[in-house]
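Just below is one structure, and these are the notes that go with it.
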Amino acid sequence: MRGRFDYGTNSIVDLSIADAVCASPTCSTIGSWRSRNVLTSLRSICKTSNYFKSRNVKKMVVEKIKYYWMLQKEESIKTAAYCPNNTFLTPELLDNLSHTTILPFDMELHHVWVEDKLIKGDISDICSDYLSNNLGCSIISQRLRSVIDNCLNGTESLRWISVNIKGRSKKYEYFIPFFGKYLDTLDREKTVIDRTTNTIIKPIFDYDKYKQYAIFHSPDYVFWQMSFSLYINEDLKKAIIKSGINDMIFERI
């Protein structure tokens, strides 16, 4: 079917109608040149439309970058890192770590299994890229750290705390991501907050606030520097998968 331009619908329709107008015996001499000019314009429009269609030219649509909550697969949790007795994540520890790059104590790697909670077993040498722990932060391997480093753009204010983890037969070096500034990513009008304790009950993120980050921390107001929850963009997710790390899941936010 040959196309024509319908000014009422701004679309290309059957051009054979315009040809019929020019060929009509009722067209006057004056009307004929007008019809020919209309036909020429219609054919030009059709050619332009076909040109762009053949090259798949589409309207510019700005799509939002996808972001994900990064987690370890539950079935991949075989071991966990444990702090020495009576050692916890405290404001004092955070203050000390703001001036150093090494965790001031070693942790131990133990077999674990998941029931209603994480059950601690014997000391182990089984490692994973994203290590469960009782310190309440994210502890990751050198391989995962390298993938993250390659995707950072400098706005995240992220550095690394080295931690030694003792296994059955050797020590392993892992890393804790440490954020140097609070990244405000919340939609404060929609986020549900307990005003009496200043605790976030249901976080709602504001895309315009976090779209520049490759990775950002949990929006919690306490211990955000060493956040247990990490959120990453689509590029970082793809880089992690491409690296061969396969014990992670990514939940869309």
Side-chain angles (χ1 to χ4, degrees), residues 69-74 76-114 117-152 154 156-183 213-218 220-232 236 239-240 243-250:
W69 181 16
M70 183 173 68
L71 301 161
Q72 186 181 17
K73 292 178 182 176
E74 185 173 314
S76 298
I77 301 176
K78 306 297 183 184
T79 54
Y82 283 84
C83 301
N85 291 336
N86 301 317
T87 302
F88 306 98
L89 186 55
T90 63
E92 291 75 21
L93 176 58
L94 284 176
D95 184 59
N96 290 337
L97 290 175
S98 64
H99 307 292
T100 185
T101 58
I102 302 174
L103 195 68
F105 51 83
D106 289 350
M107 302 180 73
E108 277 191 347
L109 190 64
H110 284 262
H111 283 293
V112 293
W113 60 94
V114 181
K117 60 180 181 178
L118 211 61
I119 307 300
K120 179 180 177 182
D122 294 333
I123 193 166
S124 173
D125 279 321
I126 300 175
C127 298
S128 60
D129 288 289
Y130 197 82
L131 199 58
S132 298
N133 65 89
N134 71 341
L135 186 57
C137 62
S138 296
I139 298 180
I140 68 175
S141 67
Q142 175 65 63
R143 177 167 67 157
L144 182 51
R145 172 192 166 167
S146 297
V147 174
I148 294 173
D149 276 338
N150 288 334
C151 292
L152 296 177
E156 300 88 355
S157 189
L158 178 64
R159 62 184 183 85
W160 302 96
I161 303 295
S162 175
V163 50
N164 288 318
I165 299 180
K166 295 186 294 184
R168 178 181 294 275
S169 61
K170 60 182 293 188
K171 281 188 177 182
Y172 303 92
E173 185 180 25
Y174 273 75
F175 298 91
I176 299 171
F178 191 96
F179 291 87
K181 68 177 181 181
Y182 182 78
L183 305 179
Y213 305 131
I215 184 172
F216 61 91
H217 57 71
S218 167
D220 291 339
Y221 298 119
V222 181
F223 304 142
W224 52 265
Q225 295 94 331
M226 292 170 58
S227 175
F228 175 76
S229 296
L230 296 174
Y231 302 88
I232 64 173
L236 181 46
I240 291 172
S243 73
I245 297 173
N246 57 14
D247 58 350
M248 310 295 298
I249 58 174
F250 307 94

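Since the structure is predicted, the reported quantities are computational estimates derived from the model, not experimental observations. Numbers for residues simply follow the sequence, beginning at 1.
Within the 4.5 Å cutoff, side-chain heavy atoms of Tyr82 are placed close to those of Val112. Contact of the Ile139 side chain with the Ile165 side chain is registered, since non-hydrogen atoms from C-beta on lie closer than 4.5 Å. Counting only heavy atoms from C-beta outward, the side chains of Arg168 and Asp122 approach each other to under 4.5 Å. Annotation: side chain of Phe178 is not in contact with side chain of Cys137 (no heavy-atom distance under 4.5 Å). For the pair Ser128/Lys78, no side-chain contact is recorded, criterion being any heavy-atom separation below 4.5 Å from C-beta on.
When atom types are taken as modelled, the side chain of Ser227 and the backbone of Leu230 share no donor-acceptor pair closer than 3.5 angstrom. A donor-acceptor contact shorter than 3.5 Å links the side chain of Asn134 to the backbone of Cys83. Within the 3.5 Å criterion, the main-chain N or O of His99 finds no donor-acceptor partner in the side chain of Asn96. Checking side-chain atoms of His110 against main-chain N and O of Ala80 turns up no donor-acceptor pair under 3.5 Å. Remark: the backbone N or O of Pro91 is not paired with any side-chain donor or acceptor of Asp95 at under 3.5 angstrom. In this structure a side-chain-to-backbone donor-acceptor pair under 3.5 Å is missing from His217 to Gln225. Side-chain N or O atoms of Ser138 include one that pairs as donor or acceptor with a backbone N or O of Phe228 at under 3.5 Å.
Note: Ser141 OG to Phe175 CZ = 9.0 Å, rounded to the nearest 0.5 Å. Atom CG of Asn246 sits about 6.0 Å away from atom NZ of Lys73, to the nearest 0.5 Å. Separation of atoms CD1 (Ile148) and CD1 (Ile140) is listed at 4.0 Å; rounding is to 0.5 Å. Taken to the nearest 0.5 Å, the CD1 atom of Ile215 stands 6.0 Å off from the CG atom of Leu236. To the nearest 0.5 Å, atoms CD (Glu156) and CZ (Phe216) are separated by 11.0 Å. If you take CG on Leu131 and CG on Leu109, they are separated by 6.0 Å, rounding to the nearest 0.5 Å.
A pairwise comparison of heavy atoms in Ile102 and Ile161 identifies C-CG2, 3.9 Å as the closest pair. Taking each heavy atom of Ser98 and Arg159 in turn, the nearest pair found is CA-NH2, 3.3 Å. For Trp224 against Ser218, the heavy-atom pair with the smallest separation is CB-O, 4.1 Å. Counting all heavy atoms, side chain and backbone alike, Lys166 lies closest to Ile123 at O-CD1, 3.9 Å. Residues Leu89 and Gly136 come closest through the heavy atom pair CD2-O, 4.1 Å. Summarising the geometry of Cys151 relative to Ala214, their closest heavy-atom pair is O-CB, 3.3 Å, with the distance given to 0.1 Å.
In this view, Asp149 and Arg145, Trp160 satisfy the side chain to side chain donor-acceptor pair (under 3.5 Å) rule, not counting sequence neighbours. With sequence neighbours excluded, no residue satisfies ring pair (Phe, Tyr, Trp, His ring centres under 6.0 Å) with Tyr130.
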Could you check Tyr231 against Met70 for side chain to side chain contact (heavy atoms under 4.5 Å, CB included), going step by step and ending with a plain yes or no?
CA-CA 6 Å; Tyr231 302 88; Met70 183 173 68; over 6 Å; no
Would you sort out whether Leu97 and Ile176 count as a side chain to side chain contact (heavy atoms under 4.5 Å, CB included), showing the intermediate values?
CA-CA 11 Å; Leu97 290 175; Ile176 299 171; 5.9 Å; no
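Listed by first and then second residue, the salt bridge (Lys or Arg N to Asp or Glu O under 4.0 Å) pairs that reach into residues 124-142 are Asp129-Arg143, sequence neighbours excluded.
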